[in-house]
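Note sheet for the following structure.
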Protein chains: 4
Amino acid sequence: MPSLNKVFLMGNLTRDPELRYTPAGLGVATFNMAVNTPAGKDENGNIKTETLFVDVVVFGRLAEAVGEFLTKGFPVFVEGRLRYRTWEDSNGIRRSKHEVLANKIQFLSALKNMPAEEEERQSNFMVEISGDNDVPF
Amino acid sequence: MPSLNKVFLMGNLTRDPELRYTPAGLGVATFNMAVNTPAGKDENGNIKTETLFVDVVVFGRLAEAVGEFLTKGFPVFVEGRLRYRTWEDSNGIRRSKHEVLANKIQFLSALKNMPAEEEERQSNFMVEISGDNDVPF
Amino acid sequence: MPSLNKVFLMGNLTRDPELRYTPAGLGVATFNMAVNTPAGKDENGNIKTETLFVDVVVFGRLAEAVGEFLTKGFPVFVEGRLRYRTWEDSNGIRRSKHEVLANKIQFLSALKNMPAEEEERQSNFMVEISGDNDVPF
Amino acid sequence: MPSLNKVFLMGNLTRDPELRYTPAGLGVATFNMAVNTPAGKDENGNIKTETLFVDVVVFGRLAEAVGEFLTKGFPVFVEGRLRYRTWEDSNGIRRSKHEVLANKIQFLSALKNMPAEEEERQSNFMVEISGDNDVPF
DNA sequence: TTTT
DNA sequence: TTTT
């Protein structure tokens, strides 16, 4: 039973992320990102763009970094796995959706329009928590 | 605006694939696959398994290969991109879902329990259409 | 300083793997694999094949699985990172080479020509050590 | 014979790229990049960094973009495949090395320290040539 | 529900 | 709605 589940995305946050904590004190950040993919050409030869919107979930110290540093519009690189979550909504209806459980996030615009000391602060934090992130489930 | 959208999956078909053709005669195959990911341990130290179910779409000659050779339970490797499709259902309700648009598929069980001539037939077909598949949209 | 180093390979062992142990008792397996990539066509329209030969290194329990189960010709899936190693050879000449440090290996031919009990034995072992492998350096 | 050969890298150019042309007029750019990977911790708990140096080759319009826009130190994302090249050097000695044949490159610092009009120029060029690049061999 |  |  060989198995593999790997996702790589680069795109921009569509809104500010949300940071919560589990009862056990583990950080959980969620955000939505937009990924623009060139997707063929239209009749006039112009490149069409297909936009993927996808929710991303991240845990632990990486979640805290996301909550502290990322905002709407920020460009990020995400490595993680696809996840299919099913739950019952408040009306008792069975619902389900795909999302990405991230184990690695790179801030691509730590590079841009940012005071040097803030860039250094982010960079230090990211190095400190570097490596693939533990994913609790 | 750096962008990237890449997915790698290995898993098994949950049912037989469906092969259709566009008015222009382009093959379109769809199938659903299950990907079992080890996902942490339970209280007793046993590895828990999280199952991802995801629809895969594929076009062109690769679609025809899928329609001809794959069946329920077959293990495959899929490379493609995540796609978020929105449409209106028959009741006029706006619906949306994620799926994977595949540009490459490897048959992992061409290897197993298969008459040699059938394995060769599949292999020849796959070599003939090899390379990354053109994705029309 | 965003950084990423990720490699995915599928191919066959070119010879039996070698398993050693560090003084601290950590398993270290090395093997060479061949990856055949379709690479354009020749003048007659035949698909040309380019063969990549690459050394793979793996540590810990995964190394032991490699040493126990893999043999020349076996097909494997490898996920890891590229590594550039420099050393001095026995003549004092500075040498260097690239290799892949694997954090995940899937046995693709557990599927083929194998007694059921052996397949189950391998499968159990792989599930037991499943998840991404810790890489010591 | 399932096969796969995929590499993803993010890092910085170690020197300016070189752009040449084949007799048929096809652009060929080569550059060397450094990828810093966090690689375990030393005795004092500090994160160690392992640096990968690797040559990258790219063809066609993407090669021209590389030659025109990239310089030493520039951060890039590279998607491609590993390649093992053997040749005879000027002393008739058989030599070989690994390199990455890129089919996609993203300029990560188009974002930084760059006049708006230059950023737009690069961006337009990259959109124009966007999509995976054809790799001639 | 959306970002550049 | 599910596969091994």
Side-chain angles (χ1 to χ4, degrees), chain A residues 1-5 9-18 30-38 47 49-56 70-78 84 86 94-99 107-109 111-113, chain B residues 1-5 9-18 30-38 47 49-56 70-78 84 86 94-99 107-109 111-113, chain C residues 106-108 110-111 116 119-120 122-124 126-127 130, chain D residues 106-108 110-111 116 119-120 122-124 126-127 130:
Chain A
M1 35 119 273
S3 85
L4 177 71
N5 181 349
L9 301 172
M10 287 175 77
N12 305 276
L13 298 224
T14 61
R15 51 178 182 275
D16 290 346
E18 294 174 31
T30 53
F31 60 89
N32 184 271
M33 67 188 284
V35 179
N36 297 308
T37 317
I47 289 174
T49 282
E50 179 186 298
T51 302
L52 164 71
F53 294 103
V54 62
D55 286 329
V56 179
L70 298 189
T71 53
K72 179 175 175 173
F74 212 102
V76 288
F77 168 90
V78 169
Y84 187 56
T86 55
R94 190 144 203 72
R95 309 207 54 188
S96 63
K97 62 175 283 219
H98 286 100
E99 60 193 17
F107 298 173
L108 297 180
S109 188
L111 308 164
K112 188 193 191 174
N113 291 4
Chain B
M1 36 122 271
S3 86
L4 176 71
N5 181 350
L9 302 172
M10 288 175 77
N12 305 276
L13 298 224
T14 60
R15 51 178 183 275
D16 291 346
E18 294 173 31
T30 53
F31 59 89
N32 184 270
M33 68 188 285
V35 179
N36 297 308
T37 318
I47 289 173
T49 283
E50 178 186 298
T51 303
L52 164 71
F53 295 103
V54 61
D55 286 329
V56 179
L70 298 188
T71 54
K72 179 176 175 173
F74 212 102
V76 288
F77 168 90
V78 169
Y84 186 56
T86 55
R94 190 144 203 70
R95 308 206 55 186
S96 64
K97 62 175 283 220
H98 286 100
E99 59 193 16
F107 298 172
L108 297 180
S109 187
L111 308 163
K112 188 191 190 176
N113 290 5
Chain C
Q106 301 270 354
F107 298 173
L108 297 180
L111 308 163
E119 185 174 337
E120 199 191 338
Q122 291 194 14
S123 183
N124 288 344
M126 295 311 279
V127 166
S130 69
Chain D
Q106 301 270 354
F107 298 172
L108 297 180
L111 308 164
E119 186 174 336
E120 199 192 338
Q122 291 194 14
S123 182
N124 287 344
M126 295 311 280
V127 166
S130 69

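Just so you know, these numbers use all the heavy atoms, side chains as well, and skip hydrogens, waters and symmetry mates. Proteins come first, then strands; the chains are lettered A, B, ... in the order of their sequence lines, and each starts at number 1.
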Worksheet entry | side chain to side chain contact (heavy atoms under 4.5 Å, CB included) involving A:T51 - partner list, sequence neighbours excluded | A:A34, A:N36, A:T49, A:F53
Worksheet item: side chain to side chain contact (heavy atoms under 4.5 Å, CB included) with B:D16: which residues, sequence neighbours excluded?
Response: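 With sequence neighbours excluded, B:D16 shows a side chain to side chain contact (heavy atoms under 4.5 Å, CB included) to B:T71, B:K72, given in chain and number order.
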Under 3.5 Å, is there an N or O donor on one side and an acceptor on the other linking the side chain of [X] and the base of [N]?
| X | N | result |
| --- | --- | --- |
| A:R15 | E:dT3 | no |
| A:N36 | E:dT4 | yes |
| A:N12 | E:dT4 | no |

Specify the separation, in whole Å, of atom [atom1] of [X] and atom [atom2] of [N].
| X | N | atom1 | atom2 | answer |
| --- | --- | --- | --- | --- |
| B:K97 | F:dT2 | NZ | C1' | 13 Å |
| B:E18 | F:dT2 | CD | P | 16 Å |
| A:E50 | E:dT2 | CD | P | 17 Å |
| B:N32 | F:dT1 | CG | C1' | 8 Å |
| A:H98 | F:dT2 | NE2 | C1' | 12 Å |
| B:K72 | F:dT1 | NZ | C1' | 10 Å |
| B:F107 | F:dT4 | CZ | P | 17 Å |
| A:I47 | E:dT4 | CD1 | P | 21 Å |

Worksheet item: Which listed nucleotide (F:dT3, E:dT1, E:dT2) is nearest to the side chain of A:T14?
Response: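 It is E:dT2.
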Worksheet entry | Minimum-distance nucleotide (side-chain atoms of A:Y84 versus E:dT2, E:dT3, F:dT2) |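 The closest nucleotide is F:dT2.
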Worksheet item: Just wondering, do B:F53 and F:dT3 stack (centres under 5.5 Å, planes under 30°)?
Response: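 Here the ring of B:F53 and the base of F:dT3 are not stacked, as the 5.5 Å and 30° limits are not both satisfied.
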Rounded to the nearest 0.5 Å, how far does [atom2] of [Y] lie from [atom1] of [X]?
| X | Y | atom1 | atom2 | result |
| --- | --- | --- | --- | --- |
| A:M33 | A:L70 | CE | CG | 10.0 Å |
| A:T14 | A:D55 | OG1 | CG | 8.0 Å |
| A:L9 | B:L4 | CG | CG | 7.0 Å |

Item to complete: Give B:G73 one of three labels, base, sugar-phosphate or nothing, depending on what nucleic acid heavy atoms sit under 4.0 Å from its own.
Response: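 Since only primed, P, OP1 and OP2 atoms lie under 4.0 Å of B:G73, the category is sugar-phosphate.
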Item to complete: Give one of base, sugar-phosphate or nothing for B:T51, where a contact means two heavy atoms less than 4.0 Å apart.
Response: base
